[in-house]
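First up is the structure itself, then whatever we jot down about it.
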Amino acid sequence: MRTQVRGWRWRHNPLRRRSDLLEAWTVLIVAVLLFVVAPLVGVAAGVYAHDRARSLAVAQRAERHSVRAVVIGNRPEQLPTVQGDRDHAYRARVRWTEPGKATRTALARVQPGTRAGDVVTVWFDARGRSVAPPPDEAAVWQHTVTVGVCAAAGAAAVVLLGHAVERRIALRHRLAEWEREWARTGPKWTQPRT
């Protein structure tokens, strides 16, 4: 049966070694880094990512405009999957009328399952190219949370990796310390008694 005494490394006693005190301080520092600093790193990264994502979304909303158009093509053709926009992974010919202007026709991104005659909302940039819709507030928050969690997890991983390296080095030093102590006291214990 093993008895565990809390805080024994902090108390002064003749059995406490310098390595025990160092280990106690290391555990305290690692706990503070894991439970205080890593979440703060995540929050800071999330705030920074939120500001950047929100400004990007505002800029894209300013440079892009949407129109309601009718799909006139037969069957939408699939875009390469490298585009990254799975909701608008197809392209079809659409027609719309701008206020005070003539009817226009263009290839635009549409959602999967769109058929001829369907009314869709398509987005164009300032040069008239079909583009994905700008990110909405949910996408901005999703990006914020993802960056914050990944930053906090990365900081925690670095702390834990550093702690593992420190523990390995401390173990080597502790074993060397025990070896030196045994070299000093071992002959007294192993000599035959007469």
Side-chain angles (χ1 to χ4, degrees), residues 29-168:
I29 291 169
V30 166
V32 167
L33 289 174
L34 280 179
F35 297 114
V36 177
V37 175
L40 287 177
V41 166
V43 167
V47 167
Y48 178 75
H50 185 266
D51 291 342
R52 298 274 301 178
R54 180 171 276 187
S55 64
L56 178 67
V58 167
Q60 285 184 355
R61 283 187 202 112
E63 74 177 21
R64 297 176 181 185
H65 65 281
S66 65
V67 295
R68 300 285 294 163
V70 177
V71 178
I72 59 173
N74 292 340
R75 180 174 174 228
E77 62 183 66
Q78 186 170 7
L79 292 172
T81 56
V82 179
Q83 297 288 334
D85 185 19
R86 299 241 182 250
D87 290 340
H88 296 86
Y90 291 88
R91 192 169 45 195
R93 188 156 299 281
V94 296
R95 179 178 42 217
W96 73 97
T97 304
E98 292 183 0
K101 296 184 180 177
T103 300
R104 293 189 55 195
T105 303
L107 279 175
R109 296 174 183 220
V110 295
Q111 292 183 350
T114 304
R115 297 189 175 121
D118 288 351
V119 177
V120 294
T121 301
V122 293
W123 289 84
F124 293 99
D125 63 6
R127 293 190 283 189
R129 293 180 305 189
S130 175
V131 292
D136 58 355
E137 198 62 28
V140 169
W141 277 106
Q142 181 182 12
H143 177 72
T144 300
V145 170
T146 301
V147 169
V149 167
C150 288
V158 168
V159 168
L160 291 175
L161 180 65
H163 181 61
V165 168
E166 183 277 331
R167 291 279 301 203
R168 188 171 181 101

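- Tested against Thr114, the residues Val119, Val94, Val71 include a single side-chain contact (heavy atoms from CB on, under 4.5 Å) partner, Val71.
- Sorted by first and then second residue, the pairs that involve residues 127-151 and meet side-chain hydrogen bond (donor to acceptor under 3.5 Å, both in side chains), not counting sequence neighbours, are Arg54-Glu137, Asp125-Arg129, Glu137-Trp141.
- Legend: ring-ring contact (aromatic ring centres under 6.0 Å, His included) pairs involving residues 144-167, not counting sequence neighbours: none detected.
- The structure places CD1 of Ile72 at 4.5 Å from CZ of Arg95, a figure rounded to the nearest 0.5 Å.
- Looking at every heavy atom in both residues, Ala108 comes nearest to Val122 through CB-CG1, 3.6 Å.
- For Val158, the side-chain contact (heavy atoms from CB on, under 4.5 Å) criterion is met by no residue, not counting sequence neighbours.
- Counting only residues at least two apart or in different chains, salt bridge (charged side-chain N to carboxylate O under 4.0 Å, His left out) contacts with residues 146-164 are absent.
- With sequence neighbours excluded, the residues forming a side-chain contact (heavy atoms from CB on, under 4.5 Å) with Leu40 are Val36, listed by chain and number.
- Within the structure, salt bridge (charged side-chain N to carboxylate O under 4.0 Å, His left out) contacts touching residues 39-50 (residues at least two apart or in different chains) do not occur.
- Counting only residues at least two apart or in different chains, salt bridge (charged side-chain N to carboxylate O under 4.0 Å, His left out) contacts with residues 33-51 are absent.
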Can Val159 and Val37 be said to form a side chain to side chain contact (heavy atoms under 4.5 Å, CB included), step by step?
CA-CA 10 Å; Val159 168; Val37 175; over 6 Å; no
For residues 56-69, run the donor-acceptor check on the side chains, cut-off 3.5 Å, and write out each pair with its distance to 0.1 Å, sequence neighbours left out.
from: Arg61; atom 1: NH2; to: Pro135; atom 2: O; distance (Å): 2.9
from: Arg64; atom 1: NH1; to: Ala132; atom 2: O; distance (Å): 2.5
from: His65; atom 1: ND1; to: Phe124; atom 2: O; distance (Å): 3.4
from: Arg68; atom 1: NH1; to: Thr121; atom 2: OG1; distance (Å): 2.6

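- Take Ala45 and apply the side-chain contact (heavy atoms from CB on, under 4.5 Å) test, not counting sequence neighbours, and it matches Val147, Ala151.
- Residues Val140 and His50 form a side-chain contact, since some pair of their non-hydrogen atoms from C-beta on lies under 4.5 Å apart.
- Residue pairs meeting the salt bridge (charged side-chain N to carboxylate O under 4.0 Å, His left out) criterion with at least one member in residues 148-165: none, sequence neighbours excluded.
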